[in-house]
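Scroll down for the structure; my scribbles are underneath it.
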There are 2 protein chains.
Amino acid sequence: MAAFTSRDVARLAGVSQSTVSYVMSGRRPISDETRKRVQAAIEQLTYQPNAGARALASQRTQVVGLVVPFGPAADTTGLLPFLETITGCARERDHDVLLVTADEGTSALTRLAGQSLCDAIVLMDIAARDSRLPVAAASRVPVILIGIPEETWGLPCVDLDFPEAARLAVAEIAAAGHDRLVALGYSAGEIARDVNYVGRFERAAVAAAAAAGIEHLAVSPMEPSPAGARAAVEQALALGGPRPALLVPSSSSVPWVLQALTERGVVPGRDVTVVGLCTDAAAETTTPPVTNVSTEPRTVSALAMQTLFRSLERDRQEPTGGVELVTPRLTRRGTTLPPP
Amino acid sequence: MAAFTSRDVARLAGVSQSTVSYVMSGRRPISDETRKRVQAAIEQLTYQPNAGARALASQRTQVVGLVVPFGPAADTTGLLPFLETITGCARERDHDVLLVTADEGTSALTRLAGQSLCDAIVLMDIAARDSRLPVAAASRVPVILIGIPEETWGLPCVDLDFPEAARLAVAEIAAAGHDRLVALGYSAGEIARDVNYVGRFERAAVAAAAAAGIEHLAVSPMEPSPAGARAAVEQALALGGPRPALLVPSSSSVPWVLQALTERGVVPGRDVTVVGLCTDAAAETTTPPVTNVSTEPRTVSALAMQTLFRSLERDRQEPTGGVELVTPRLTRRGTTLPPP
DNA sequence: TTGAAAGCGCTAACAT
DNA sequence: ATGTTAGCGCTTTCAA
């Protein structure tokens, strides 16, 4: 069964092909009478427009390219909420998502744009100095970054406000009456990859601690595994003094840190304060539920898509660019010590 | 900078447009001389063919549609290795992946095929009786299932050999000298969704236990959370006798079950045997590393893609269909009791 | 070994 | 309010 074309629809409805097109796009007024006939024909044939032909004629693919950090070195934890939200937002605007892996590097971008595979590109897992950015900035299609590099090249960026997240976490620790905190850092891989949020969070944490008059110590790197967490926790407890406060900015490590503490008989919320940077969903399922600053992947993704579609609608003329930040929230759960 | 077309390349190389096309596709002999001139022109202009035009003319999109189980009820754990392997295999064959969410239901399939958005479709998260299958079977493009429904509708299926996985797990438990095992079941959501592997695994486990002369008890459902695991573990220990053996077929629950046991002072590998069904990577990072039957998502995905491309090359005439199973492996780690 | 030319199915001027 | 028509950029016969 070969698919029907708009010509078949036109013939069946007794109108011209362009009328069928205009009925579907609504780009010019159509009498009720004809519209009904055309729509009936469309349904009768279960007509669906050919995407390739449409793209060729209209110069719009109705596809968003999504470059995700798969590949060996990638921080793949917590990626799914992003993917899910991005595809959902795309579908709402009648777009599909073409999945491309970051290990293609720069050529992913040139391919997506060069072959006219998509109308816009979402780039994730941005490094502080990301070699893809100059290519992205020169791209024929708009590109949006999820993450904030050192130099944006005029590209629009959306991300969590990591400095604010650090401030919230430090404020919580200060409010619990600690005069010192130990940050259990990111993994060696994340640090080596120069992922942008690592530095953004750390610098703000150090500054906020200084401002609050509390000491900032760090154990870094820490691998997100039970063993890595055990090693880091041992050091942290040695550094943390009699009433330790732990700040865990690496989502995937949060459960392991809690487990490592528990194993040692150190009870989070009774003997030690733990504040994690992770999604609320993840924080709710740890044992015990951890006081967290939320990372809001869904909000970040939705905002990115909104910005992207705005720039797509504005016929890509006005200068986009600029940084949009999503404000994290702190939720106190079971792992904050009461003030002394 | 508008993109160059094959006409530009042809003009620059002093050949006809068709020659450019044939140089790129290799579908007819070209003299070395002309080939070089054309390739030079292509590089000089950094020409890339327009995907829409190519699809329109050739009736091939070079895109694989991937329907993934996002959405509220989905078992999203362990999805990433599938996505990663599938996109990787696609790229190897010069294809891209269009990501579609399962919550679109049947319309995802009709849309992908109807709009000629892709040349083939990969369908994941198959229910035992899946309403999408009749639609898939009637689809204009080949569809492959990852998962095995009760009735395949002639569609090719690829999945782990869950019955064999159950047999391996039961054999391990029997070899450790247990005369009884407790299966900690799937989540209520998975059961309600009628996910195909649940029944396949359970039935085989019951049969294998009977054959081995050991008793098969079940605690089900169990939510994949610390609380759910604690509740299930409590019941399981009550049922398990003095020397309990636990079988955990739900990957996402394995770490929580181990944690719940440890919390109670019951040490896996000393007081209780635990066998989990999960990836080797996951099994290595639990505390302690758990004896596991591997789920091999990468092998399953790669096999599915291989089968898919075979059916694409064979010009979609021969009857595809049939079930391909990937054999799991059992790896003994720290959680198997020594025989008494 | 190469070229000319006819579409693929759609959109969007341009006419009426 | 609707129809006519000229492409969009490529592949692929058919001809030479």
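In the text below, chain A, chain B and the rest are named by the order of the sequence lines, each starting its count at 1. Side chains included, hydrogens not; waters and symmetry mates left out as well; all remaining heavy atoms used.
- Phosphate proximity of D:dT11 to B:S58: absent, as no side-chain N or O sits under 4.0 Å from OP1 or OP2.
- In terms of phosphate contacts, B:T5 brings no side-chain nitrogen or oxygen within less than 4.0 Å of OP1 or OP2 of D:dG9.
- Salt-bridge annotation for B:E104 and B:R132: absent, with no side-chain N of the basic residue lying under 4.0 Å from a carboxylate O of the acidic one.
- Look at B:S18 and you won't find any side-chain N or O under 4.0 angstrom from OP1 or OP2 of C:dG3.
- The shortest distance between the side-chain N/O atoms of A:S31 and the OP1/OP2 oxygens of D:dT2 is below 4.0 Å.
- What separates CZ of A:R27 from P of D:dA1 is a distance of 17 Å, to the nearest Å.
- When the C1' atom of D:dT2 is taken as reference, atom CG of A:D32 falls 15 Å away, rounded to whole Å.
- Distances shown here put a side-chain N or O of A:S6 below 4.0 Å from the OP1 or OP2 atom of C:dC10.
- For D:dT2, the OP1/OP2 oxygens have no side-chain nitrogen or oxygen of A:R28 closer than 4.0 Å.
- For the OP1/OP2 pair of D:dT11 and a distance below 4.0 Å, the side-chain nitrogens and oxygens of B:S25 include no atom meeting the criterion.
- Look at CZ on B:R11: it is 16 Å from C1' on C:dG3, rounded to the nearest Å.
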Would A:T101 and B:E84 count as a side chain to side chain donor-acceptor pair (under 3.5 Å) if you check the C-alpha gap in whole Å, the side-chain angles of each, and the deciding distance to 0.1 Å? CA-CA 8 Å; A:T101 64; B:E84 194 176 335; over 6 Å; no
